[in-house]
Number of protein chains: 2
Amino acid sequence: MREPQHDNPSPKPAPKAVVGRLSLYLRQLETFARQGRETISSSQLGKSLGLNDAQVRKDLAYFGQFGQPGLGYRIADLITELRTILGVDRDWPTALVGLGNLGRALLGYKGFRVRRFHLVTLFDNDPRKVGQCIEGLTVKHLDDLPQTVASEGLRLAMICVPAESAQRVADQLVAAGIRGLLNFTPTALFVPQDVSVVAVDLSVQLEHLAYSVHNTQSASREAGDIPAVS
Amino acid sequence: MREPQHDNPSPKPAPKAVVGRLSLYLRQLETFARQGRETISSSQLGKSLGLNDAQVRKDLAYFGQFGQPGLGYRIADLITELRTILGVDRDWPTALVGLGNLGRALLGYKGFRVRRFHLVTLFDNDPRKVGQCIEGLTVKHLDDLPQTVASEGLRLAMICVPAESAQRVADQLVAAGIRGLLNFTPTALFVPQDVSVVAVDLSVQLEHLAYSVHNTQSASREAGDIPAVS
DNA sequence: TAGATTGTTAATCGATTAACAATC
DNA sequence: TAGATTGTTAATCGATTAACAATC
């Protein structure tokens with residue numbers, strides 16, 4: 001990744017907010033595929049998401065050449081490519097830590113499995129919860145983390161503990177070998193460089209909404225055509 | 001907003017990703033306040049969130065002058081200012097539409113109330129759900145939307161219906177007078193300019209995590225110190 | 001006063017959009 | 001071939017960071 005490779009003149013630096021849009025493209029393409037469409041142009045795909053056609057082409061170009069001039073993109077092929085790029089062409093065994101209201105809520109949500117994120121282990125360190133069986137899974141104590149990460153091949157974890165425990169739990173997860181954290185707590189987590197964190201912060205998003213509504217008279221902000229991308 | 005006002009030389013254009021950071025500042029300040037701290041500098045606040053000190057000052061400067069050179073910001077005062085700016089200095093009666101797994105999950109989540117977003121009405125149009133009482137609230141049919149919006153003073157709604165109904169429900173909500181939508185479905189919603197939409201897309205965020213973990217060897221991406229902001 | 005830190009302007013950096021030759 | 005649409009370079013736009021005079 002440091003020096004240019006031989007046949008790979010410029011491996012292209014990892015882009016930035018492009019990945020989030022790739023997910024949107026993937027979903028939109030899946031919708032078009034279900035409708036029986038076979039090809040799509042960058043401008044059609046862009047318009048369906050409120051994005052510029054050049055942006056669609058440029059985003060995809062970071063990862064390769066997937067289109068055909070004059071024709072556009074073959075939907076089925078592009079779906080396959082995007083799944084591979086995003087890493088969702090495989091199952092991701094995932095742990096859920098913290099079984100309060102939010103944790104239980106997420107556990108009941110079926111949307112994860114559709115995207116191949118499988119909640120396979122639950123953790124809590126409340127002795128009243130450890131041993132309970134919820135949605136067919138037994139709650140384990142956080143002390144069992146190291147061996148469970150190994151035995152289940154866990155690489156991702158969702159953190160739904162109270163804010164004040166979040167950093168400690170994150171440290172334990174990282175120490176046990178977890179490589180990616182979905183952080184549902186309102187806390188800035190500090191982790192080593194090789195661990196990824198995505199923050200899902202409902203209060204930030206609600207406050208953003210309050211701000212927008214509060215500061216919109218009749219027509220002003222960017223809300224119009226393009227929904228905020230996460 | 002077009003021509004400069006008299007005493008208001010440049011009302012400053014509404015900024016962009018600044019609002020999300022304002023929420024982060026607010027929360028961090030609340031934490032510092034609980035610890036008994038009275039003042040804080042832009043560099044201290046920035047560091048606690050992995051942000052640049054100049055960015056903190058510039059973000060705040062969009063909305064006014066809140067600091068004192070040589071001293072920094074008085075925490076209690078800045079909290080008050082930020083709450084007003086964000087519009088979270090009041091209650092926001094909010095509707096929840098769609099009582100599947102995710103909807104029920106959100107309903108049980110106590111974090112909303114803390115930020116003064118009060119779920120006061122539930123809607124569904126499944127006849128088996130209408131009339132049910134969940135968490136002390138009775139599920140209404142979507143047909144009751146217009147009069148309920150008026151009687152409860154609803155301005156925000158969370159959309160937790162299946163993706164294929166999302167646009168139709170959004171249209172109904174907008175027609176009934178809702179001004180802000182928190183969209184939990186994987187759908188790009190098209191709404192009038194004066195309505196705000198914030199998308200909370202768990203699959204996009206999970207896929208982002210999968211991508212990062214998938215493409216991180218030992219030290220590469222930006223995960224290090226700064227958690228992704230939303 | 002000397003030290004610290006703001007608010008703000010200018011410089012830098014990155015991301016989006018426009019434009020167009022290449023090509024199916 | 002003519003029309004459409006790509007991949008990519010150049011132009012534009014916006015956001016972040018550095019620098020510094022003003023000031024508590």
Side-chain angles (χ1 to χ4, degrees), chain A residues 8-22 24-25 29 32 37-75 77-78 81-82 85 221-222 225-226 228-230, chain B residues 8-22 24-25 29 32 37-75 77-78 81-82 85 221-222 225-226 228-230:
Chain A
N8 202 353
S10 54
K12 294 206 178 118
K16 208 58 193 296
V18 173
V19 180
R21 288 196 296 269
L22 252 43
L24 300 180
Y25 301 154
L29 289 165
F32 284 123
R37 306 238 353 220
E38 302 228 321
T39 63
I40 194 165
S41 69
S42 57
S43 69
Q44 291 168 323
L45 180 54
K47 188 172 289 174
S48 72
L49 290 161
L51 302 173
N52 183 289
D53 63 311
Q55 183 161 63
V56 173
R57 294 199 297 281
K58 194 142 210 278
D59 285 350
L60 296 174
Y62 280 109
F63 300 94
Q65 303 190 168
F66 307 119
Q68 286 174 281
L71 284 163
Y73 301 86
R74 289 199 43 84
I75 290 174
D77 294 350
L78 190 50
E81 295 283 1
L82 287 177
I85 292 165
R221 296 199 79 264
E222 28 59 271
D225 285 309
I226 306 120
V229 172
S230 114
Chain B
N8 203 352
S10 55
K12 295 209 177 115
K16 208 59 192 299
V18 173
V19 181
R21 286 196 298 268
L22 252 42
L24 300 181
Y25 300 154
L29 290 165
F32 284 123
R37 302 238 353 218
E38 301 228 319
T39 64
I40 193 166
S41 69
S42 57
S43 69
Q44 288 168 324
L45 180 55
K47 187 170 290 174
S48 72
L49 290 161
L51 301 172
N52 184 289
D53 62 311
Q55 183 161 63
V56 173
R57 293 198 300 278
K58 195 140 206 279
D59 285 349
L60 296 174
Y62 281 109
F63 301 93
Q65 304 189 167
F66 307 119
Q68 287 174 281
L71 283 163
Y73 301 87
R74 287 199 44 85
I75 290 174
D77 295 350
L78 190 49
E81 296 283 2
L82 288 177
I85 292 165
R221 296 197 80 262
E222 29 57 271
D225 284 309
I226 308 119
V229 173
S230 115

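Numbered from 1 within each chain, the chains take letters A, B, ... in sequence-line order.
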Could you let me know what C/dG7 is paired to, Watson-Crick or G-U wobble, both distances under 3.5 Å, or none if it's on its own?
D/dC20
Separation of A/D53 atom CG from C/dT16 atom P, in whole Å?
14 Å
Phosphate OP1/OP2 of C/dG7: any B/Q68 side-chain N/O under 4.0 Å:
no
How would you label the contact of B/S43 with the nucleic acid (heavy atoms, under 4.0 Å): base, sugar-phosphate, or nothing?
nothing
Relative to the 5' end of DNA chain C, which residue comes earlier, B/L60 or A/K58, by the nucleotide with the nearest heavy atom?
B/L60
Taking all heavy atoms of B/V56 and all of B/Y25, pick out the closest pair and write down the distance.
CA-OH, 3.5 Å
Check: A/S41 main-chain N/O paired with A/Q44 side-chain donor or acceptor under 3.5 Å:
yes
Across every strand shown, the nucleotide meeting Watson-Crick or G-U wobble geometry with D/dT12 (both distances under 3.5 Å) is C/dA15
A/F63 CZ - D/dT6 P separation (whole Å):
18 Å
Does D/dG7 have OP1 or OP2 sitting under 4.0 Å from an N or O in the side chain of A/R57?
no
Output the rounded distance in Å from CD (B/Q55) to C1' (D/dG14).
13 Å
What's the CG-P distance between B/N52 and C/dG14, to the nearest Å?
14 Å
On the nucleotide C/dT6, are OP1 or OP2 found under 4.0 Å from the side-chain N or O atoms that B/S42 carries?
yes
Using atom CG of A/L71 as one end and atom C1' of C/dA22 as the other, report the distance to the nearest whole Å.
14 Å
Reading DNA chain C from 5' onward, which residue's closest nucleotide shows up sooner: A/G70 or A/A54?
A/A54
Are OP1 or OP2 of D/dT5 and a side-chain N or O of A/R74 less than 4.0 angstrom apart?
no
Is A/Y73 near enough to D/dG7 that one of its side-chain N or O atoms lies under 4.0 angstrom from OP1 or OP2?
yes
Output the rounded distance in Å from NZ (A/K47) to P (D/dT5).
11 Å
Can you tell me how far C1' of C/dT6 sits from OH of B/Y25, to the nearest Å?
15 Å
Scanning both residues in full, the closest heavy-atom pair of B/F66 with B/L60 reads CE1-O, 3.5 Å
For a quick test of reading the model: is some side-chain N or O of A/Q65 closer than 4.0 Å to OP1 or OP2 of D/dT8?
yes
A/L29 versus A/I75, closest heavy-atom pair with distance:
O-CG2, 3.6 Å
Atom pair distance, as rounded to whole Å: CG in A/L78 and P in D/dT5
16 Å
Closest heavy-atom contact between A/R21 and A/D59?
NE-OD2, 2.6 Å
